[in-house]
Structures are given as structure tokens and as C-alpha cells.
There are 2 protein chains.
Amino acid sequence: MERYREKGFKLTPQRIAIMKFLEGNKNHPSAEDIYLYVRKTFPTMSFATVYNNLETLREKGHISSLSIDPERRRYDPDTSSHHHLICLKCKMVVDVHADFKVNVPEEQNTAFEVLGSHIEFYGTCPECK
Amino acid sequence: MERYREKGFKLTPQRIAIMKFLEGNKNHPSAEDIYLYVRKTFPTMSFATVYNNLETLREKGHISSLSIDPERRRYDPDTSSHHHLICLKCKMVVDVHADFKVNVPEEQNTAFEVLGSHIEFYGTCPECK
DNA sequence: GTCTTGACAAGAATCATTCTTAAGTGGTAT
DNA sequence: ATACCACTTAAGAATGATTCTTGTCAAGAC
Ligand SMILES: [Mn+2]
Ligand SMILES: [Mn+2]
Ligand SMILES: [Zn+2]
Ligand SMILES: [Zn+2]
């Protein structure tokens, strides 16, 4: 946790609670999921504080935000390059850790500077089948 | 255009205008883009009508909606399987037509019924570079 | 022509996210 | 230990995309 201390990044109790909740969390929670959980410990916490912290954490590269669920943004403490699988029914998101070789065709690649890629798989999870 | 006539699918002038705008459109427009354009011909058209029609067209499989731009939904008349490349600066979305071999690892694949996949590439377009 | 089932316009409502403002606090320097 | 200041917070308002509601209308079926 100490490694997060840096210039202009203050470790407040609310922020620590959010970071603890996210640390190792594989559920790809939404801002609301985080809010509902952290509020148990900090009943006065505001929704805006959650968003502020998520944005700050994202800026600093400690978490990433996913647009795989069209209904709400999901947050992921795992910033290593990996992919996702979403259940179209219950919207559960799980990791797909595999190194796929995907490169855009050469002619597009030269004109457009490709910085990365993300694969979203969709389907039905075991519970929803 | 006649091929769209089917049970419970009425061809109204507004709908035809939306379909004409989308037909062959490679810009992946948002609902607002579509609204602003079609309104030129139908000044009384409502935003809700655009959304109603997009949802109906999507249900019938004539268009697909993309969540690649986290700020707004984009619509694509090309329903064939293809991928996308988004410019992180101007949010331009272009097609990537290539057949990548991506399959989730066996153990996930059996538990989870994978129905499809979509690759989003991100980077900087020629104009924004 | 009549009927039925969508489709329409208009605007209200919803919901996620962002912004604003005033008050509070962590971390650094003194 | 104290003071200071930039960053953070809470609270709520604002925004913006999307969905819902309601009364009216019209396409296509018969
Ligand atoms: Mn993940
Ligand atoms: Mn496309
Ligand atoms: Zn499921
Ligand atoms: Zn660009």
C-alpha cells in the first residue's frame, strides 16, 4: 500500500477503503458496487468521492476502466494486458488470460498508430445456461 | 429496401430516412449524429423516434450497436463479423476486417457458452497524430 | 373502408457520471 | 509540534445519454 504514496496522491481513509476493496477483486465491479460496499464502513461517503477516486486511480495507472458492459463502466485492479468474457444475461465479467496475436492489417497499421487492443468475448455463463 | 418488409415491421418515412442514412455508412454514427442528419428532412422528428427505430432495427438484426466509445453508443449497419479501431483523441471509429483466430482457453470455453467476440483496437488516427 | 398493431411527437423521467462549492485533512516543510 | 496548502471530501446540483409515457396517428391486413 505504501507504494501508492507519491507526489499529490494522498492516502485518505476513504481512498484506502476503495483500494482495499479493489485489490485482487476479480468481479469487475461498477462504481455503484464499490459505493455500496465502502459505504458500510464509511456511511457518510458520497458517490462523487467514489468517482473522484476511481478517476484518480485510473489516471495514475493503478486501475483500468472497462466499457465491455454497455450499461455501466466497470473497474479492474488488474492493469496487466488481458481480455474479458461477459455473460449477456447476468452481465458477469470474467478474465480471459491468454496472449492472442492480433494485429491490424499493414496498411491501416501504418496510417493509424495502434497502441493496444482488447478482446471482448460474449456468451452465456454456467449459471445462466 | 423491400427486403426489410416483414411481419410487424412498418416502413414509415422516418424509418426509411434513418435506414437510408445508415445504409453503407462507415462512420459508426451515434444516435445524435443520426438525429441531426435526419432532422434536416424531417424537422419535426423526435430524438425518441431515432432511438425507437435504432432499437427496432437492432432487434431485427439489421444493424448492430457498439460500446467501443465509452461516451456514447455507436451504430453500425454492417452486421457481418468484424472489428474496430478507435482513435483515443477524436473518437473516430474505423473497421478492421480481418479474421482473427481467437478462442478462449478450453476450460473456460466448456463452462461458459461463448457466442462471439469483438476486438477493439485503440490508438491515434492519422489526423490526430 | 375498417381494424389492429405498431409508430409517431413531445416531453417527462431515469440513471450514470460529472461538476460545483464550501469545509476538511494529509503530508511536507518549518 | 505547528502551519500551510494542495488535494480531498460531502452534498447536492447539473449534465447528458437513453428510456419511458401518453395521446394521437397511420401502415398494412382483411
Ligand atoms: Mn479483468
Ligand atoms: Mn463497423
Ligand atoms: Zn450469466
Ligand atoms: Zn483522431
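Model, not experiment: these values are computed from the prediction.
A distance-only check finds a donor-acceptor pair linking the side chain of Asn25(B) to the backbone of Asn27(B) [under 3.5 Å]. Counting only distance, with no hydrogens or angles, the side chain of Lys129(A) and the backbone of Ala111(B) share a donor-acceptor pair below 3.5 Å.
Rounded to a whole Å, the CZ atom of Phe9(B) is 14 Å from the C1' atom of dG28(D). The distance from atom CD of Glu71(A) to atom P of dA16(C) is 9 Å, rounded to the nearest whole Å. Counting to the nearest Å, the P atom of dC8(C) and the OH atom of Tyr35(B) are 14 Å from each other. A straight line from CZ of Arg74(A) to P of dA16(C) spans 12 Å, rounded to a whole angstrom. Atom CZ in Phe47(B) sits about 13 Å away from atom P in dA9(C), given to the nearest Å. Between the CZ atom of Phe42(A) and the P atom of dT8(D) there is a distance of 16 Å, rounded to whole Å. Between the P atom of dT19(D) and the CG atom of Asn52(B) lies a distance of 10 Å, rounded to the nearest Å. For Arg72(B) and dT18(C), the CZ to P distance is 12 Å, given to the nearest whole Å.
Within the nucleic acid shown, Asn53(A) comes within 4.0 Å of sugar-phosphate atoms alone, with no base atom in reach, counting heavy atoms only. In this structure, Glu55(A) reaches neither bases nor backbone, as no heavy-atom distance under 4.0 Å exists between it and the strands shown.
The local environment of CZ in Phe47(B) is crowded, with over 12 non-hydrogen atoms from other residues, nucleotides or ligands closer than 6.0 Å.
Taking side-chain N and O atoms only, Arg73(B) has a distance below 4.0 Å to OP1 or OP2 of dT19(D). OP1 or OP2 of dA10(D) sits under 4.0 Å from a side-chain N or O of Gln14(A). Tyr51(B) has no side-chain polar atom (N or O) that falls below the 4.0 Å cut-off from OP1 or OP2 of dT19(D). Between dA10(D) and Thr44(A), a contact under 4.0 Å exists linking OP1 or OP2 to a side-chain N or O.
Using the six-membered ring where Trp is involved, His82(A) and His28(A) have ring planes that are tilted, between 30° and 60° apart.
Between dC8(C), dT18(D), dA16(C), one nucleotide has an atom nearer to the side chain of Arg15(B) than all others, and that is dC8(C). Distance from the side chain of Ala48(A) is smallest to dG12(D) among dT18(D), dG12(D), dA10(D). Listed nucleotides dG26(C), dA7(C), dT18(D) differ in distance to Ala31(B); the shortest reach to its side chain belongs to dT18(D).
Counting distance only, with no hydrogens placed and no angle test, the side-chain atoms of Lys10(A) and the base atoms of dA6(D) include a donor-acceptor pair under 3.5 Å.
Positionally, the nearest nucleotide of DNA chain D for Met45(A) lies more toward the 5' end than for the other of Met45(A) and Thr12(B). Heavy-atom nearest nucleotides on DNA chain D were determined for Glu32(B) and for Ser46(A), and the one closer to the 5' end corresponds to Ser46(A).
Because its NZ or CZ atom is not both nearer than 6.0 Å to the ring centre of Tyr51(A) and within 45° of the ring axis, Arg73(A) does not count as a cation-pi partner of that residue.
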